[in-house]
Amino acid sequence: MPASLCGIWEIISNTNFEGYMTALINPYLRKIAMNLKLRKIIEQHGDQFIIKTMSTFRNYTIAFKVGQEFKEFTKGLDNRHMKSLVRWEGNKLVCEQIGEKKNRRWIHWIEDDKLHLQELFCEGQVCKQVF
Ligand code: ECB
């Protein structure tokens, strides 16, 4: 277990969230999502993770084991089905999301006591969130 991401994390910056969402959802939903203050709640026991993304509008939870592929359905977000796999790359937790959207992934890491999240997307869109 290279790093602990455990905790309750409040968002402090959100760069190009709109661009990321443009690749995924319609303008109406984007407008709502843009105004949300996101909170991450991460529980980690060895290789087992639960990551909750919380907001006043919707919540989204995933549970997985590092190194074990799982089926992901982004219910209430862009409602797509993927096969996801999370691995440690050094101190970074990297999730590849194989599905309709190419090169979809997210990366979490801790830096200066903050939780970083970089969500990448193939159409040149990179969203960076700090909690
Ligand atoms: C769950 C709170 C956001 C609700 C916004 C509602 C609709 C927007 C639909 C799609 C926009 C795409 C992403 C929303 C942003 C964050 C949600 C989860 C991001 C993510 O991949 O988190 C990972 C890594 O922490 C764990 O699921």
Side-chain angles (χ1 to χ4, degrees):
M1 189 177 57
S4 173
L5 308 184
C6 277
I8 301 173
W9 304 88
E10 310 288 344
I11 196 157
I12 52 176
S13 77
N14 196 354
T15 308
N16 198 34
F17 190 40
E18 180 131 47
Y20 174 76
M21 289 195 295
T22 299
L24 295 174
I25 55 167
N26 65 58
Y28 174 75
L29 203 51
R30 280 208 301 275
K31 197 164 181 186
I32 296 171
M34 276 303 288
N35 291 308
L36 298 173
K37 289 270 170 278
L38 302 178
R39 172 187 294 137
K40 290 278 177 197
I41 302 177
I42 303 184
E43 297 170 31
Q44 179 179 352
H45 301 283
D47 276 345
Q48 295 281 353
F49 276 80
I50 299 172
I51 302 183
K52 298 177 185 166
T53 308
M54 316 291 285
S55 76
T56 51
F57 176 56
R58 278 173 196 166
N59 300 322
Y60 180 68
T61 299
I62 59 169
F64 59 87
K65 188 175 178 188
V66 176
Q68 206 168 86
E69 190 178 88
F70 63 102
K71 286 181 185 163
E72 182 172 6
F73 175 52
T74 53
K75 187 174 185 210
L77 303 181
D78 61 315
N79 292 306
R80 285 190 175 86
H81 293 272
M82 293 163 283
K83 281 187 178 173
S84 301
L85 176 63
V86 183
R87 287 171 298 112
W88 286 111
E89 286 184 11
N91 280 326
K92 294 190 173 179
L93 194 66
V94 178
C95 179
E96 285 188 85
Q97 298 168 306
I98 307 296
E100 176 193 339
K101 295 287 179 181
K102 299 291 175 245
N103 198 25
R104 190 171 178 177
R105 73 184 62 210
W106 55 255
I107 306 172
H108 266 303
W109 70 96
I110 304 281
E111 196 178 309
D112 301 329
D113 295 327
K114 295 181 179 70
L115 176 74
H116 288 248
L117 171 62
Q118 185 168 310
E119 297 173 84
L120 300 177
F121 194 75
C122 66
E123 289 159 17
Q125 300 294 351
V126 180
C127 169
K128 176 75 194 290
Q129 300 180 333
V130 182
F131 297 82

Are [X] and [Y] connected in the hydrophobic side-chain network, where two residues link if heavy atoms are under 4.5 Å apart?
{"X": "Tyr60", "Y": "Phe73", "answer": "no"}
{"X": "Phe70", "Y": "Met82", "answer": "no"}
{"X": "Phe57", "Y": "Met21", "answer": "yes"}
{"X": "Leu117", "Y": "Ile8", "answer": "no"}
{"X": "Val86", "Y": "Ile98", "answer": "no"}

Donor-acceptor check, side chain of [X] to backbone of [Y], threshold 3.5 angstrom: yes or no?
{"X": "Asp112", "Y": "Lys114", "result": "no"}
{"X": "Asp47", "Y": "Lys65", "result": "no"}
{"X": "His116", "Y": "Gln129", "result": "no"}
{"X": "Asn35", "Y": "Ile32", "result": "no"}

Non-neighbouring partners of Asn59 that pass side chain to side chain contact (heavy atoms under 4.5 Å, CB included), sequence neighbours left out: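 Asn59 satisfies side chain to side chain contact (heavy atoms under 4.5 Å, CB included) with Met54 once adjacent residues are dropped.
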Which atom of [X] lies closest to which atom of [Y], heavy atoms considered:
{"X": "Leu29", "Y": "Leu77", "result": "CD2-O, 3.9 Å"}
{"X": "Leu120", "Y": "Gln118", "result": "CD2-NE2, 3.2 Å"}
{"X": "Asn14", "Y": "Phe17", "result": "OD1-CB, 3.1 Å"}
{"X": "Ala3", "Y": "Gln44", "result": "O-NE2, 2.8 Å"}
{"X": "Ile42", "Y": "Phe49", "result": "CG2-CD2, 4.1 Å"}
{"X": "Leu93", "Y": "Trp106", "result": "O-CZ3, 3.8 Å"}

Hydrophobic cluster (4.5 angstrom, side-chain heavy atoms) - remaining members for Ile12: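 Grouped by the 4.5 Å side-chain rule, Val130 form the rest of the cluster around Ile12.
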Whichever hydrophobic residues join Ile50 through chains of side-chain contacts under 4.5 Å: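 None; Ile50 is a cluster of one.
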Please round to the nearest 0.5 Å and tell me the distance separating atom [atom1] of [X] and atom [atom2] of [Y].
{"X": "Ser55", "Y": "Arg39", "atom1": "OG", "atom2": "CZ", "value": "10.0 Å"}
{"X": "Glu72", "Y": "Arg104", "atom1": "CD", "atom2": "CZ", "value": "7.0 Å"}
{"X": "Glu96", "Y": "Ser84", "atom1": "CD", "atom2": "OG", "value": "9.5 Å"}
{"X": "Leu85", "Y": "Phe64", "atom1": "CG", "atom2": "CZ", "value": "10.0 Å"}
{"X": "Ile41", "Y": "Ile51", "atom1": "CD1", "atom2": "CD1", "value": "12.0 Å"}
{"X": "Gln97", "Y": "Ile62", "atom1": "CD", "atom2": "CD1", "value": "7.5 Å"}

Within-4.5 Å side-chain heavy-atom neighbours: Ile110 and Asn91: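 Result no, sub-4.5 Å side-chain heavy-atom pair not found.
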Side chain to side chain, Glu43 and Lys52, heavy atoms closer than 4.5 Å: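 They are in side-chain contact.
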Distance-only donor-acceptor check, side chains His81 and Lys71, under 3.5 Å: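 Absent: no donor and acceptor within the cut-off.
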Presence of salt bridge, Asp78 and Arg80, under 4.0 angstrom: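 Result for this pair is yes, salt bridge flagged.
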Geometric class of the Tyr20/Phe121 ring pair [parallel <30°, tilted 30-60°, perpendicular >60°]: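 Phe121 and Tyr20: perpendicular rings.
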